[in-house]
Each structure stands twice: as structure tokens, then as C-alpha cells.
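Worth saying up front: this structure is predicted, and the values here are computed from it rather than measured. Lettering of chains follows the sequences in order, A, B, ..., and the numbering in each one begins at 1.
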2 protein chains.
Amino acid sequence: MDQETTSTARRRGTGVTEDAIEQIRDLVASGEWGPGTRLPRETDLAKQLGLSRNSLREAVRALSLARVLEVRQGDGTYVSSLEPGELLEPTLSATHLLRGRTVLELFEVRRMLEPGAAAMAALRADAEVIAALRTELDRMIAAGNRADELVQADAAFHDVIARAPGNGVLRALLRSLSTSTVRARLWHGIADRGALDLAREEHARIYNAIAVGDADLARAATLLHIVTNETWLREHLGPADDVPLDGD
Amino acid sequence: MDQETTSTARRRGTGVTEDAIEQIRDLVASGEWGPGTRLPRETDLAKQLGLSRNSLREAVRALSLARVLEVRQGDGTYVSSLEPGELLEPTLSATHLLRGRTVLELFEVRRMLEPGAAAMAALRADAEVIAALRTELDRMIAAGNRADELVQADAAFHDVIARAPGNGVLRALLRSLSTSTVRARLWHGIADRGALDLAREEHARIYNAIAVGDADLARAATLLHIVTNETWLREHLGPADDVPLDGD
DNA sequence: CAGTATTTGTTCGTATGTATA
DNA sequence: GTATACATACGAACAAATACT
């Protein structure tokens with residue numbers, strides 16, 4: 001018995017494992033396997049898809065890293081929740097690997113999104129949102145110059161804004177656009193140049209604008225804040241990171 | 001307070017394969033393995049990381065799907081280019097699996113990004129960009145009511161705008177935010193209600209605004225265009241897709 | 001609280017397909 | 001055309017974690 005493939009081009013995507021990945025993804029995309037669906041056990045699924053268990057496991061592992069599947073040892077393999085927060089989590093890992101000028105590209109995109117998110121947060125002026133922002137702002141003040149605490153409070157502060165519009169995709173993307181490594185680098189830079197008070201002031205302005213429900217002001221304050229960081233980062237990108245562009 | 005993250009309640013990340021994934025990713029993130037680096041052959045790398053060849057293959061396959069590694073049979077395994085267009089390609093596959101209200105979330109985010117991209121395109125008023133837009137606009141007109149051709153021209157048209165700002169992250173994200181399935185659905189809807197001329201007119205307005213270098217107009221025309229589609233999609237989301245929101 | 005069945009995790013050995021010199 | 005180096009694939013066996021009775 002010759003398992004002749006459907007004469008696909010020798011491009012990307014040949015091989016039984018790659019086929020299995022596609023087939024499983026199609027089953028999920030078509031809705032046949034909805035969120036939480038339990039997959040057949042590896043032995044059966046392998047037989048069903050016509051490949052060995054080892055090869056199938058490669059497919060499952062790949063889809064597991066992509067957060068499409070969720071594998072629980074001793075239990076079984078399930079389709080994930082398929083929520084934006086889940087499916088876009090790998091995007092965060094991806095942006096973590098970007099370097100050089102592409103880090104600035106992250107900031108440029110963030111600059112296009114987060115001011116809008118802050119404006120929406122101000123429009124609702126939700127009491128919980130305001131309280132959460134206040135908490136992180138206080139944490140930021142109490143943190144002194146401890147970088148790790150500052151980074152955490154900063155991340156939490158911006159995440160409150162990111163989730164205020166109630167859009168899971170927006171929240172996940174904003175998360176991906178400000179990686180922890182860059183955030184850490186920024187706060188160390190802020191501390192080194194003694195600009196902690198300015199940084200806290202910028203956050204306070206955003207907080208105040210949202211607290212009083214001023215959307216325009218929230219948008220402006222957020223934009224200014226992001227550009228402050230973007231500018232500093234642009235000037236302090238190590239020359240090693242400054243990869244020369246070769247024409248496309 | 002913060003939900004997920006931090007706490008290791010569910011032991012995600014145990015196991016030799018998961019460890020290998022993390023180790024390889026760290027080597028790439030640290031820059032030790034830069035773009036294009038050739039990895040040791042599977043046998044050696046497995047020995048080096050202290051796991052079997054099969055388990056290592058699972059790790060490599062997963063990172064290959066994530067576009068961090070690139071495997072070439074008979075040759076070897078290499079670190080990818082690590083460019084945004086490469087690393088953010090899985091994000092497109094991810095958004096392809098979103099359904100129901102989360103599809104509208106994609107549109108909301110796109111609405112925050114693409115008008116800005118169109119404005120930037122207008123600011124430059126690059127001759128090549130204008131010509132490329134014209135080409136796709138003509139294609140869209142010549143396509144009649146053939147949906148596949150319309151979808152392709154439409155995708156190409158918006159991609160010209162997406163890449164005009166010269167930001168790879170922005171381009172990749174805009175690509176991810178408008179999936180081919182939704183695009184196909186939209187054009188079929190447009191054809192069904194006999195709104196092909198309106199759709200072409202909206203594209204023509206965007207084209208004209210960019211061609212004359214009017215950034216404000218380009219921004220407005222793009223926003224209107226996206227909202228047209230967003231509104232239609234909101235009204236035509238199958239009731240089955242209309243998942244009830246439970247408060248979080 | 002056992003003990004047992006079920007399911008994924010991991011390894012080894014071996015054979016085959018593919019690109020390159 | 002041949003040799004070599006490498007990834008691809010399979011099957012079987014045992015370990016570890018979980019579920020169930």
C-alpha cells in the first residue's frame with residue numbers, strides 16, 4: 001500500500017505531520033471540533049489520520065504551542081477555548097523575538113492603538129477601572145526605584161487600559177506590543193537618568209483624564225507617554241541592534 | 001485583580017520537550033542563535049539538550065510552525081529570518097480560528113489601525129503605491145461579480161495600504177485582522193445585495209484621497225469603508241455565532 | 001483510601017526519502 | 001552516478017500522570 005499524497009507542490013506543507021496539522025486545524029476552523037472538544041486518543045487519531053503516533057504527536061505538540069489544542073497528560077487532548085486571549089498568546093512570544101528597528105515598529109503600532117483604548121476607557125469612566133488604575137499608580141509610587149516592581153505596576157496599569165474597551169483582540173495585541181524585555185529596558189533607562197518622577201507624572205495624567213471621563217485628554221496623555229518612551233528607545237537602541245536595511 | 005499568568009497552577013511547561021522549546025527559544029532570543037543560524041543536526045542537538053531525538057523533533061516541529069525555525073529536509077534546520085512578516089504569520093492562522101463576536105473585535109481593531117495607515121500612505125503619496133492601488137482598483141472593476149477575483153483584488157488593495165507606512169509589524173497585523181474567510185463572506189454579501197458599485201466607489205475614494213496626498217480624507221474614507229463592512233457583518237452574523245456574553 | 005484502567009510522555013531501533021557535493 | 005549527510009517516518013516498549021471504581 002503506497003500512501004501517495006495528493007501530488008501537492010513540493011512547497012511548504014508536504015509530509016504527513018504537516019498534513020495532520022492542517023487537517024486538525026480545519027476540523028477546528030469548520031466548527032466540527034468546537035472549544036473544549038475532546039480528541040480521540042493518540043493511537044486512534046493516528047490511525048484515523050493515517051500516520052504513526054510519533055508523527056501525530058509532532059502535529060499535536062505544534063498545535064499545542066499555538067494554543068489551538070491543550071494536552072493534559074493522563075487525561076486527554078482537548079480543543080482550547082479559542083478565545084482571543086488564548087489564540088493570540090503566541091503573538092506575545094513572537095514579538096519577544098523581534099529586535100532592532102522592529103522593536104520601534106512595535107511602538108509605532110502601539111501608538112496607533114493605546115491612545116484609542118485610553119479614550120474608550122475614559123468614555124466609560126468605569127469605577128472599577130478607575131480604582132484599578134489608582135492601585136497600580138500607587139504601587140508605582142511606592143515602588144521607589146525598584147525596577148522589577150516598577151515594571152510590574154507599569155504593565156498592570158497599561159493592561160487595565162487595554163482591557164477597558166472590552167475587546168479581547170485589542171487587549172491581546174496591546175500585550176504583545178509591549179514586551180517585558182523592552183519594558184524593563186525602559187524603566188532602567190528612566191531610573192538611570194533620574195526621570196522617575198516624570199514617568200509617574202505621565203501615568204498620573206492618564207489616570208486623571210480617565211477618572212474625569214475626558215476622552216480627548218486621555219488620548220493625548222497616552223500618546224505623549226508612549227512617544228516619550230519611543231523617543232528614548234530610538235536614541236538608545238544599541239548600534240548592534242541597528243541592523244542595516246538591505247533593499248527589498 | 002490579575003487572573004491568569006504568574007501562578008503555576010496548571011503545570012504548563014514541564015517535560016523535556018517543553019524544556020527544549022524554551023531552551024531553543026532562549027538561545028534565539030538572546031541572540032546567540034541569530035537569523036539564519038544553522039542548528040546542530042538532530043542527533044547532536046538531542047544529545048546536547050539531553051533528550052531523545054523524537055522528543056526533540058516535537059520541539060523543533062512546534063517552533064517550525066511558530067516560524068522561529070525553518071527545517072529543510074536533507075539539508076538542516078535553521079533559525080528563521082525573525083522578521084515581523086515571518087514571526088507574525090502564525091497570528092494570521094490564529095485569527096482564522098476566531099468566531100462569533102470575536103470576528104467583530106478584529107474589525108474594531110482594524111478600524112483603529114488602517115485609517116492611520118492610509119493617512120500615512122497619503123502623506124508620502126508614493127508613485128509606486130498609487131500605481132499599485134490603481135492596478136488593484138482596475139482589477140476590482142474588471143472582476144465583474146466573480147467573488148474570488150474580487151476578494152483577491154480587495155486583499156491586494158488593502159495590503160498596498162498596509163505596507164505603505166514601511167512598518168512590518170503593522171503590515172502583518174493588518175493582514176491578520178482581515179482573514180480571507182471573512183473577506184469572502186463580505187464580498188458574497190456585497191454581491192447578493194447588489195452593492196458592488198458602492199463597494200468599488202468606496203475603494204475609489206480611498207484611492208483618490210491617497211493619490212492627491214490628502215491624509216485626512218484618506219483616513220476618513222478608509223474609516224467609512226471599514227465601518228460599512230463592519231456594520232453589515234454585525235447584522236449578518238449567524239445567530240449560532242452570537243455567543244451570549246457572560247460577565248467576567 | 002486504595003488499586004486499576006486509561007492516556008499522554010519518552011525513549012530506542014530501524015528503514016526511507018531528499019538534498020548536496 | 002555515487003556517496004554522504006540529513007531529515008522523515010514507523011513500530012514497539014516502558015514511564016508518568018490522571019481518572020475511575
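Across all strands shown, D/dG1 forms no Watson-Crick or G-U wobble pair with both distances under 3.5 Å.
Listed nucleotides D/dT18, D/dA7, D/dC10 differ in distance to B/V71; the shortest reach to its side chain belongs to D/dA7. Side-chain proximity of B/Q73 to D/dT8, D/dT18, C/dT10: nearest is D/dT8.
Under the ring-ring contact (aromatic ring centres under 6.0 Å, His included) criterion, the residue pairs touching residues 147-186 of chain A are A/F157-A/H203, A/H158-A/H203, A/H158-A/H225, with sequence neighbours excluded.
Rounded to whole Å, the distance from CG on A/L45 to C1' on C/dT7 is 13 Å. Atom CZ in B/R57 sits about 12 Å away from atom C1' in C/dG17, given to the nearest Å. For A/D75 and C/dG9, the CG to P distance is 11 Å, given to the nearest whole Å. One atom, CZ of A/R61, and another, C1' of C/dT8, lie 9 Å apart when rounded to the nearest Å. Atom CZ in B/R41 sits about 15 Å away from atom P in D/dT8, given to the nearest Å. One interatomic measurement links the two molecules: CZ of A/R72 to P of C/dG9, which rounds to 12 Å at whole-angstrom precision. Look at CG on A/L49: it is 11 Å from P on D/dC10, rounded to the nearest Å. In this structure, CD of B/E18 is placed 14 Å from C1' of C/dT10, rounded to the nearest angstrom.
With hydrogens and angles left out, the side-chain atoms of A/T179 and A/T95 include no donor and acceptor closer than 3.5 Å. In summary, the side chains of A/R67 and A/S80 do not present any donor paired with an acceptor at a separation below 3.5 Å, with no hydrogens or angles considered.
The salt bridge (Lys or Arg N to Asp or Glu O under 4.0 Å) check on B/E42 picks up B/R53, B/R57, with sequence neighbours excluded.
Comparing B/G50 and A/E42 by the nucleotide of DNA chain C that holds the closest heavy atom to each, the one mapping nearer the 5' end is A/E42.
In this structure, A/T77 reaches the sugar-phosphate backbone alone: every heavy-atom distance under 4.0 Å involves primed, P, OP1 or OP2 atoms, never a base. Among the atoms of the strands shown, only primed sugar atoms or phosphate atoms (P, OP1, OP2) are found under 4.0 Å from some heavy atom of B/V16.
Between B/P84 and A/L98, the closest side-chain pair of non-hydrogen atoms falls below 4.5 Å. Annotation: side chain of A/V109 is not in contact with side chain of A/L173 (no heavy-atom distance under 4.5 Å).
Between B/E136 and B/R139 a salt bridge is recorded (basic side-chain N to carboxylate O distance below 4.0 Å).
The side chain of A/S55 places an N or O atom within less than 4.0 Å of a non-bridging phosphate oxygen (OP1 or OP2) of D/dC10. The phosphate of D/dA9 has OP1 or OP2 within less than 4.0 Å of a side-chain N or O from A/T17.
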I'd like a table of atom pairs between the protein and nucleotides 11-14 of chain D - only N or O on both sides, under 3.5 Å - with the distance next to each one.
unit_1, atom_1, unit_2, atom_2, d
D/dG11, O6, A/N54, ND2, 2.2

